[in-house]
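What follows is a single structure, written as structure tokens, with notes after it.
In this text, all values refer to a predicted model and were calculated from it rather than measured experimentally.
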2 protein chains.
Amino acid sequence: MPRRSVTSYDIAKAAGVSQSAVSRAFSPGAPIAAKTRERILNVAAEMGYQPNAIARSMSSARQDTHQKSGMVGVIVTRLEDPFFAHTIAHFSRHLQASGWHMLLFTVDNEVEVDGALNALMQYKVDSIIILSAILSKHMARVCRDQGTPVMLYNRGAEGLNVNSVQIENHEGGRIAADILREAGHERIAFVAGDPNDETSQGRAAGLAERLAEDGLEVFLHETGDYTFVGGREAGLRLFSRVERPDAVFCASDVMALGVLHAARHDLGLEAPRDFSLIGFDDIPAAAWPGHMLTTIRQPIRRMIREAVDIVIDQMNTPDQPPRVTRFSGALILRNTVRGAGPGST
Amino acid sequence: MPRRSVTSYDIAKAAGVSQSAVSRAFSPGAPIAAKTRERILNVAAEMGYQPNAIARSMSSARQDTHQKSGMVGVIVTRLEDPFFAHTIAHFSRHLQASGWHMLLFTVDNEVEVDGALNALMQYKVDSIIILSAILSKHMARVCRDQGTPVMLYNRGAEGLNVNSVQIENHEGGRIAADILREAGHERIAFVAGDPNDETSQGRAAGLAERLAEDGLEVFLHETGDYTFVGGREAGLRLFSRVERPDAVFCASDVMALGVLHAARHDLGLEAPRDFSLIGFDDIPAAAWPGHMLTTIRQPIRRMIREAVDIVIDQMNTPDQPPRVTRFSGALILRNTVRGAGPGST
DNA sequence: CTGAAAGCGCTAACAC
DNA sequence: GTGTTAGCGCTTTCAG
């Protein structure tokens, strides 16, 4: 049975009007008599008609240059990471609340980004948000040529001429260094996520810079791959040395939790008694009673609202210059840094 | 500047062929000379042309009834929950690997599902996957009428005539009860997620059934809202009673972790010394050294593969009867149940 | 193997 | 206010 879906022509016929009347009935500001609209809407409801969004975007495409597929493409890596899961959840809600739909791509590494971008462009998404991944110069140009606004979330956009919303990584590293120095630590280790990415590097640089001011260097560098397991292994390596670090700063909370669990359960070391520990992000698990991890919080709600606002604004009025916004992280004092807890003097 | 995007006509002109030749060059099986195709593809690459997926789906729409937008709609609740984040991550990867794109909707409660469904239908998605949410009889009919296959993941589909992939909740509850009874527990409490949902109810029922066989009843019922905080509060309530439960079965790991942290850090109670604890799902955090939570594992990789396979199969060959698959959970013995650890005799 | 031509379902001028 | 008429960019017969 060729179950062709019901179109505006079917409704037109049934309601005894022209097809364009049906179209108008479904377009908010369109010139149409209230009574006509009502009748059409009734017939439509009865016959289970819904305007075809694809066809709609096809025809309005020509209008001016903004294509109005009604979709924004989102590219994300490591969705299983709680930090990203939260981020996507917020993006999704904000976008939906403003009437936009999200076409989601997950990529496993940076090289896949271009492919995802291409697919997204084929769908004529009205805008693209890229989470924690780089954008090639080439694709940045392609997007600009198409007039598709791009938002780099959690990554800088130097020389790319696209929007970006990010946390102040360098500053965050300094804040962490500060509190650790205040607590009197001298052998401070750093656990990177991916040592090659900008985020991790910025945090490391901030730490190093602040330590240098006291004539110190980062005591040890480790890599934790942005995962709990990676953090745990880094912690094991760090604390198995004859000369142990007396403090650890991790580029993310998940890794810091890995270090904490490793120290506590594999090695019998306790924070802040035996070492101080500080993370980055402030994921929910950081606040669990058994963790109480001191960390640098990213104001993700505000950051995402800003990112979505920029993107929506640019979809509505194209050809704006790209905007770059940076947010500061806030030190959240909990119990893993010596002498600096919520209940300390 | 009216930056119209480059179309197949532009390529046709530049390559000195007809527009339909360009179309054929981009359609795998189409009749076209290899040399012609190559030339076209080159020109296209040079001019940065990509076929417009929207337009493509518009025209192939008529074909037969399967609309081929190339998108599958996914509706999810509580994306911030690690369990769902993982699930979505896997769905996304599998779908992408098979060339499908994911239009994602997050909903905050069951009543929003119908709205999301409507939006999805407007985009003519080729199929719909609903995670842990119910489907109204009405929308089930609408989808069937349109010929859009629907997959209920983690929810049953009685009388709905749609596909479903789910875990054996009742059986899982029994397994939990079994191991707890073996350990000699008698005052076994249950922490529900949402006491009204089928998932939680199934697990509770399995527990109750097994206990009844020993002449026991569920000692106490609590609700944890499927969150860590909810679990923690439930734990606090449970263990503050004069007569404490000696074991707790939680409808999800996150809640079980809440109970564990509450007991350990708020109350000074330790598992399995003072009580036994068992969760459901086997999220990564359950295996963290400081947790080592005994739990019922959902084989989510297999489950998702199955769900995706069914959905893809039905998109390719429509009008199949709906399929329902149930998976069994596996008991993962770790250290929170008395006398039943990986290292126990 | 290739080009011409007819739509897919809708929106947006343009007349009436 | 309403109907008529072109397209949006592509796929797909249908001739040649």
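Listed candidates were D:dC10, D:dT2, C:dT11. Nearest to the side chain of B:Arg56 is D:dC10. Counting only heavy atoms from C-beta on, B:Val17 has its side chain closest to C:dG3 among D:dT11, C:dT2, C:dG3. Of the candidates D:dT2, D:dC10, C:dG3, the closest approach to any side-chain atom of B:Ser18 belongs to C:dG3. Among the nucleotides C:dT11, C:dA4, D:dG9, the one closest to any side-chain atom of B:Ser20 is C:dA4. Closest contact between the side chain of B:Ala21 and the listed nucleotides C:dC10, C:dG3, C:dA12 involves C:dG3. Taking every side-chain heavy atom of B:Ser59 into account, C:dG7 is the closest of D:dT2, C:dG3, C:dG7. Distance from the side chain of B:Asn52 is smallest for D:dC10 among the nucleotides C:dC10, D:dC10, D:dG3. Counting only heavy atoms from C-beta on, B:Arg24 has its side chain closest to C:dG3 among C:dG3, D:dT2, C:dC10. When the nucleotides D:dG9, C:dT2, D:dG1 are ranked by their closest atom to the side chain of A:Ala33, D:dG1 comes out on top.
Across the protein-nucleic acid pair, A:Ile40 atom CD1 and D:dT2 atom P stand 8 Å apart, rounded to whole Å. What separates OH of B:Tyr9 from C1' of D:dC8 is a distance of 11 Å, to the nearest Å. When rounded to the nearest whole Å, the span between CD of A:Gln19 and P of C:dG7 equals 16 Å. Here D:dC10 presents its P atom at 15 Å from CD1 of B:Ile32, a figure rounded to the nearest Å. Spacing between atom CD of B:Gln122 and atom P of C:dG9 amounts to 15 Å, rounded to whole angstrom units. Across the protein-nucleic acid pair, A:Glu38 atom CD and D:dG1 atom P stand 16 Å apart, rounded to whole Å. When rounded to the nearest whole Å, the span between OH of B:Tyr49 and C1' of D:dC10 equals 7 Å. Rounding to whole angstrom units, CE of residue A:Met58 and P of D:dC10 are separated by 8 Å.
A:His101 and B:Phe105 have tilted rings, their planes meeting at an angle from 30° to 60° on a 0 to 90° scale.
In this structure a side-chain-to-backbone donor-acceptor pair under 3.5 Å is missing from B:Asn154 to B:Gln166. Under the 3.5 Å distance criterion, the side-chain polar atoms of A:Glu306 are left unmatched by any main-chain donor or acceptor of A:Val165. Judged purely by atom type and a 3.5 angstrom limit, B:Arg37 uses its side chain to pair as donor or acceptor with the backbone of B:Ala25. No donor-acceptor pair closer than 3.5 Å links the side chain of A:Asn163 to the backbone N or O of A:Pro322.
Using a 4.0 Å heavy-atom criterion, one finds that A:Phe26 contacts no nucleic acid atom at all.
Phosphate proximity of C:dC10 to A:Ser8: present, with a side-chain N or O under 4.0 Å from OP1 or OP2. For B:Thr36 and C:dT2, the shortest distance from a side-chain N or O to OP1 or OP2 is below 4.0 Å.
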